[in-house]
Amino acid sequence: MALRLSLHAYKKLESLDLRMLQIIEKNMAFYEYVPMEVICRRLRRDEKFVSRRLKFLNELGVVERLKGAYIGYILTSRGYDCLALNVLVKKRIVSNINLAPLGLGKESDVHLAISTSGDKIILKFHRLGRISFRQTRRFRDYVGERRHISWLYQSRLAAQKEYEALKILHSVKVSVPRPIFQNRHVVVMSYFSGIPLYKVPPLSDPLETLRTIIQNVRIAHLEAGVIHGDLSEYNVLVDVRNGSITIIDWPQWISSTHPLAYFYIKRDIENIIKFFRRKYKITMNLDEVLKDIVERGEGTAE
Ligand SMILES: Nc1ncnc2c1ncn2[C@@H]1O[C@H](COP(=O)(O)OP(=O)(O)O)[C@@H](O)[C@H]1O
Ligand SMILES: [Mg+2]
């Protein structure tokens with residue numbers, strides 16, 4: 001639903017409207033609501049013209065007007081979508097987007113799309129900071145002490161972080177989607193034809209799948225210095241035709257040098273081992289797996 005409305009709005013925008021949205025976006029770092037006069041100045045247009053255009057943008061739901069001491073505007077998430085969509089279109093990254101989301105998480109909307117060369121790709125729109133307290137906490141690690149952090153900033157940071165992880169992981173051949181592009185709160189990656197592990201009809205060789213997942217966690221940690229941090233049967237996709245897997249959903253990754261690295265990698269592996277025990281009655285000893293993955297000495301940091 002969210003993206004349908006964003007695309008609908010995007011199609012109605014002219015280049016001047018997009019400029020106006022960019023001006024508001026930039027100035028949101030300095031004002032809670034960007035004053036109309038600032039917009040006029042940056043756009044070099046008079047107030048009559050700008051206010052007419054802003055009224056139109058407000059009706060489209062891409063900006064929100066301050067009803068208070070002065071006239072000011074902020075971008076809505078629909079407006080932010082429009083700015084990102086515009087870049088994806090202009091850079092010829094995407095030619096068609098499937099409006100029914102593949103996944104509608106609390107923290108993102110994931111859509112299947114078609115690239116300009118005709119490949120299936122994934123657009124992941126990060127949406128943070130407006131839904132729950134938990135997700136704010138999840139990102140506190142890398143937003144640091146910035147107090148008045150906005151949904152816009154958090155969502156962009158999540159996308160940048162996920163894209164960065166995918167680049168590092170892909171370069172050392174961990175099974176992750178291939179990163180293609182990132183702009184604002186959107187990550188573009190290759191599509192993996194698979195379904196989440198928890199939904200898969202019984203695997204033909206579950207022990208092999210479990211070993212493959214653990215091997216990927218191992219390479220990610222030892223060669224890329226990346227720990228997933230939210231690994232579970234929901235974030236592993238399996239292609240049931242050949243049993244191959246891919247690990248998705250990396251925005252909360254933790255560096256292997258993080259003081260809590262051991263805690264996170266242990267929890268990641270434990271989640272996976274528990275799932276295989278529950279569903280496939282396979283037992284694997286957590287400590288032994290960890291010993292094999294975590295280099296000597298780190299194990300005492302728990
Ligand atoms: N690269 C991909 N290829 C195929 N499907 C994907 C891909 N990335 C995400 N998905 C689908 O979207 C869903 C949600 O993606 P995920 O990255 O886990 O986001 P979140 O859990 O934060 O909503 C996944 O369960 C999967 O069905
Ligand atoms: Mg997920």
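Both ligands and their constituent atoms are indexed starting at 1 by order of listing. In this chain, residues are counted from 1 in sequence order.
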Engineer: Would the number of heavy atoms belonging to other residues, nucleotides or ligands and lying under 6.0 Å from CZ of Arg44 be above 12?
Structural biologist: no
Engineer: Nearest heavy atom to atom 11 (C) of ligand 1 wins, so pick from Val236, Leu166, Val110, Leu128.
Structural biologist: Val110
Engineer: Looking at every heavy atom in both Gln22 and Leu83, which two are closest together, and how far apart are they?
Structural biologist: CG-CD2, 3.7 Å
Engineer: Would you please classify the geometry between the Tyr234 ring and the Tyr198 ring as parallel, tilted or perpendicular, with 30° and 60° separating the classes?
Structural biologist: tilted
Engineer: Quick one: does ligand 1 sit under 4.0 Å from the side chain of Pro251, the backbone, both or neither, non-hydrogen atoms only?
Structural biologist: neither
Engineer: Check this for me - ligand 1, Tyr191, N or O atoms closer than 3.5 angstrom, yes or no?
Structural biologist: no
Engineer: Checking contacts here: is it the side chain or the backbone of Ile122 that comes within 4.0 Å of ligand 1, counting heavy atoms only? Could be both or neither.
Structural biologist: side chain
Engineer: Please lay out, stage by stage, how Asp46 and Lys48 fare under the test salt bridge (charged side-chain N to carboxylate O under 4.0 Å, His left out).
Structural biologist: CA-CA 6 Å; Asp46 63 42; Lys48 196 168 160 217; over 6 Å; no
Engineer: Taking heavy atoms and a distance under 4.0 Å, where does Leu237 meet ligand 1: side chain, backbone, both or neither?
Structural biologist: side chain
Engineer: At under 4.0 Å between heavy atoms, which part of Ile195 makes contact with ligand 1: side chain, backbone, both or neither?
Structural biologist: neither
Engineer: Look at the side-chain heavy atoms of Ile, Leu, Val, Met, Phe, Trp and Tyr, link any pair under 4.5 Å apart, and say whether Leu112 and Ile248 land in one connected group.
Structural biologist: no
Engineer: Any N/O/S of Tyr234 under 2.8 Å from the Mg ion (ligand 2)?
Structural biologist: no
Engineer: In this structure, does ligand 1 have an atom that sits under 4.0 Å from one of the heavy atoms of Pro101?
Structural biologist: no
Engineer: So, for Ile24 and Leu54, which heavy atoms are closest and what is the spacing to 0.1 Å?
Structural biologist: CD1-CD2, 4.0 Å
Engineer: Taking distance alone, with no angle check, do Glu162 and ligand 1 share an N/O pair under 3.5 Å?
Structural biologist: no
Engineer: Please determine whether Asp230 has a backbone or side-chain N, O or S atom lying under 2.8 Å from the Mg ion (ligand 2).
Structural biologist: no
Engineer: Hey, which N, O or S atom on Asp249 ends up closest to the Mg ion (ligand 2)?
Structural biologist: OD2
Engineer: For residues Val200 and Lys279, report the shortest heavy-atom separation together with the two atoms involved.
Structural biologist: O-NZ, 3.1 Å
Engineer: Could you pull out, from Leu102, Val176, Ile248, the option with a heavy atom nearest to atom 8 (N) of ligand 1?
Structural biologist: Ile248
